[in-house]
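All remarks here apply to the structure that follows.
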Amino acid sequence: MSVFKAAYINELYKISKRKKIMAASILSILAVVGAAVIVYCLNNMVGIRATGSSEFSLLVLSVLSYTLIPLFTAFVCIDIFSGEFTEQTIRLTLTRPVSRAKVFSAKVLAAASFIMANLLFIMILSTIFSFIINGTSFNLFKIFLSYILEFFPLFVFSLVVILICNITRGTTSAFMLSVLVFILFNGLEIIFPYYKSFFFTSTFDWYRLFLGSYINYYKILRCFLILSGYSIMLFGLGYYLFDKKDM
Amino acid sequence: MKMTKRSTAIGAFLVGMMILITSAFADVMIESGYYSLKNSVKATMKKLSEEVDNFSVNVAATFKIDDKIYAEAEEVCKFDMVNQAKETIGTNMEKGEITESYYYADTKQNISKDSKTGKYYVWNKKKNKGMNNEDKIFENPFEDERVMDAEKIADAFVGNLQDVIEVEEIDNKKVYIGNLSDAQVPSLINAISSFIFKHSIFDEYTTKRMGVPYPKSNVYVTSISGKAIENSDGILESIIGSASISADDKNGITHTYTVEFSFDIKDINNTTVTPPDLEGQEVEYNEDSEYVFDEKYVGKYKNDIVKLEHNSFVKVGERYLEITSVVDGKVYGRYYEVYNEAYEESPVDFEFIAEAGESSYYSAFKYNDKNGEEKTGLIQKRQGKQNIYLLFDVEISEDGYGYSYLSYNEDFDNNFVRIFE
C-alpha cells in the first residue's frame with residue numbers, strides 16, 4: 001500500500017508541476033467570471049434572471065462539464081500517459097520497485113484527483129460569484145451533490161482518454177482522437193436519442209435526476225450501473241494495453 | 001503472475017462490458033416517462049383524427065398573479081369527424097368582465113355569433129372542393145413535417161429531464177406526473193421562456209390593459225408541473241399543467257405569475273354536433289367566407305406610380321387594373337400603366353384571365369413582362385375590403401397553396417384602390 005501511495009504522490013507531484021494546471025485554473029476563473037458577467041448583464045439590462053440562487057453554479061457546471069473540464073481532463077491524462085511515453089520518462093517510473101498495475105492505478109487515481117479538484121475549484125468559485133450576483137440564500141447541498149455526481153461521467157471520459165493514450169503513440173494523435181470520440185459520442189446521442197443510454201456522454205447531466213421533487217431511483221441506479229460498467233471495462237482494457245506497451 | 005494480471009484485466013473488461021450492455025439495454029427497454037407520454041400523445045392524436053367518429057374537448061386556462069385570478073378562459077369544442085362539423089363555445093373572463101363566443105363550421109357553412117348583440121353571421125360556402133387538408137376540422141399534427149422535425153430536436157435536447165416524468169398505473173389507467181423545480185429548468189430554456197414572457201406574452205401594453213404589474217426585472221421560471229391520464233383505450237383523457245414565473249415589478253416587489261391549464265377529451269363517439277337553431281334569431285347571411293372573386297369586384301382599380309427624386313416624391317404616372325368580368329370564379333381583366341408625358345417609360349399593358357387554383361386565397365394568371373417573358377402574377381382580395389392586391393413575378397408552390405416572389409420591385413405598389421365613379 002505504501003508503494004502505491006508513493007506512486008500516487010509521485011504522479012500528483014508531476015501533475016502539479018505541469019503548466020496546464022495553472023492554465024486550467026486561469027481559464028476556469030475566466031469562464032466563471034465570463035458567465036457571471038453575462039448573467040449579471042442579462043439581469044440588469046434585459047431584466048431576465050438566467051439563473052436563480054443556486055442555479056448559477058449549476059449553469060457553470062452544465063457549460064464547463066462539456067467544454068473546459070473534459071478538455072483539461074484530456075490534457076492531464078495525455079500528459080500522464082502519452083506524455084511520459086513520448087518523453088521516455090516512463091522508464092524512470094517503471095524502474096522503481098513498483099508493479100505496472102500499481103503505476104497504472106496510481107496514474108488513474110491521479111487523473112481522478114485532478115478531475116475532482118477541478119470540479120471543487122469551479123464549485124467554490126461559482127458559489128462565491130453566485131453570492132455576489134444574486135446575494136440570496138442558496139442550496140449548498142444541491143450544488144455540492146451536483147458537482148460530486150458530475151465526477152463519475154468525467155472519470156469515465158478520463159478512462160476513455162487513457163485507453164486512447166495506450167493505443168496511440170503521440171500526444172497530438174491522442175488528443176485529436178479523444179476530442180473526436182467526445183464529439184462523436186455527443187453527436188450519436190443526438191442522432192440516435194433512443195439509444196443514448198449506450199453513450200457515456202448521455203450521463204453528463206445525470207445530476208439533474210437528483211434535483212427535482214420526484215427522484216427516479218431506478219433510472220439513477222441504471223445510470224450508475226452504466227457508468228460502473230464503462231469504468232470497469234475501460235480500466236481493465238486500459239491496464240491490459242498499458243501492461244503490454246513497450247518502452 | 002504477469003499472465004494472471006492480464007487475465008484479471010481481460011476479466012474486468014468482460015465484466016464491465018456485461019454490466020454496461022445489460023444496464024444500457026435495460027435503460028433502452030424501460031421506456032422513460034417522456035417517451036411513454038410522447039407515444040401516448042401521438043396515439044391519441046392518431047385515434048382522434050382517424051379512428052373515432054366524434055369527440056369533445058374541454059380546454060380551460062387560468063392566469064393568476066400571487067394566487068389571485070386575473071383572467072380565465074374556457075372553451076368547449078365538439079368535433080364530428082364523419083360529417084366534418086365543429087362547434088366551439090367559449091367563455092372569457094378578464095378583469096371581472098365575461099365575454100362569450102360561438103362558432104360553428106361544416107362543409108356547407110360557417111356560423112359565428114356576436115356575443116354583445118346576439119346576432120348570427122352565416123357564411124355559405126360556395127363550392128365544396130372535396131376533402132383536402134385545408135377543409136379538415138381536425139388533423140393529426142404529428143403528420144406535419146415541421147412537427148416531426150421539432151420532435152427530433154426535442155428528443156435530442158430533453159436529456160436526462162425525460163426521466164423526471166413519473167409513470168403510475170392506477171385503476172387500469174396510466175398516470176404521468178412531471179414536476180420541474182427552478183434548479184432543473186435548463187438555463188437556456190429559462191432565459192428564452194422568460195424573454196418571451198416579458199416581451200411577447202406579458203408586455204407593457206398587455207399588463208396596462210389588464211391592470212396588473214409589469215414584470216420588469218428578475219424574470220425567471222420557478223416551476224413547471226403537469227399531470228396526464230391515459231385511459232385503457234390508450235387515449236389521453238385529461239391533461240392538467242401549470243407554469244410559474246417569478247418577476248419584480250417597477251417598485252421592486254416580487255410577484256409570481258402562474259398559468260394553469262386543463263385539457264379534457266371526453267364523450268368519444270358520444271358527441272353530437274348540430275348547427276344552431278337560427279329560427280327567430282337575427283341573422284346576416286354572406287356568400288362564401290373564402291377569398292374567391294365574384295361579380296362585385298368588376299370595376300376599375302388604380303394606384304400612383306411614384307418616384308423619389310431629389311428627396312421628394314414625384315408622381316410620374318398611374319397603374320390601372322380593370323376587372324371586366326367574373327365568370328364561375330374566373331377573373332377576366334386588364335392591367336396597364338399610363339405615364340406622364342415627361343417620362344419616356346414604356347408602359348406595361350396586358351389582358352389576363354385569373355383563376356383560383358388549389359388555394360382559394362389567390363387567383364393566378366399568366367402575363368408577358370416588358371421583355372416579352374411569360375411570368376405568373378396573382379390577384380388577391382381581403383375579407384370585407386373593396387381593394388385588390390396585385391403581385392407580379394411569383395412562383396406557385398408545388399402543392400398549389402403557397403407562392404413566393406421570384407423578383408421583387410420595391411417601387412411597385414401592390415395595393416390597387418377601387419375607383420367609384
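Below, chain A is the first sequence line, B the second, and so on; all start at residue 1. All figures in this text were calculated on a predicted structure; none of them were measured in a lab.
When ring centroids are compared, Y35(B) and Y194(A) come within the 6.0 Å threshold.
Under the side-chain hydrogen bond (donor to acceptor under 3.5 Å, both in side chains) criterion, T258(B) pairs with S244(B), not counting sequence neighbours. Qualifying ring-ring contact (aromatic ring centres under 6.0 Å, His included) partners for F25(B), counting only residues two or more places apart in sequence or in other chains: F198(A). Evaluation of the side-chain hydrogen bond (donor to acceptor under 3.5 Å, both in side chains) rule for Y70(B) yields no partner, not counting sequence neighbours.
Chosen from V15(B), I10(B), I30(B), the residue pairing most often with chain A at heavy-atom distances under 4.5 Å is I30(B). Ranked by heavy-atom pairs under 4.5 Å with chain A, the list I165(B), I19(B), L20(B) is led by L20(B). Your options are G16(B), S194(B), S217(B), S223(B), and the one with the most heavy-atom pairs under 4.5 Å with chain A is G16(B).
Summarising the geometry of S23(B) relative to R222(A), their closest heavy-atom pair is CB-O, 4.1 Å, with the distance given to 0.1 Å. Heavy-atom minimum distance, V28(B) versus S197(A): CG2-OG, 3.9 Å. A12(B) approaches G236(A) most closely through the heavy-atom pair CB-CA, 4.0 Å.
The stretch residues 197-213 of chain B places K198(B), H199(B) near chain A, each with some heavy atom under 4.5 Å from a heavy atom of that chain.
Taken to the nearest 0.5 Å, the CD1 atom of I190(A) stands 11.5 Å off from the CG atom of D155(B). Residue L211(A) holds its CG atom at 10.5 Å from CG of L180(B), rounded to the nearest 0.5 Å. The distance from atom CG of L234(A) to atom CE of M17(B), rounded to the nearest 0.5 Å, is 11.5 Å.
Within 6.0 Å of CG on D149(B) lie more than 12 heavy atoms contributed by other residues, nucleotides or ligands. Within 6.0 Å of CD on E145(B) lie no more than 12 heavy atoms contributed by other residues, nucleotides or ligands.
A salt bridge links D27(B) to K219(A): one of the charged nitrogens lies within less than 4.0 Å of a carboxylate oxygen.
Of the two parts of I192(B), neither the backbone nor the side chain holds a non-hydrogen atom closer than 4.5 Å to a non-hydrogen atom of chain A.
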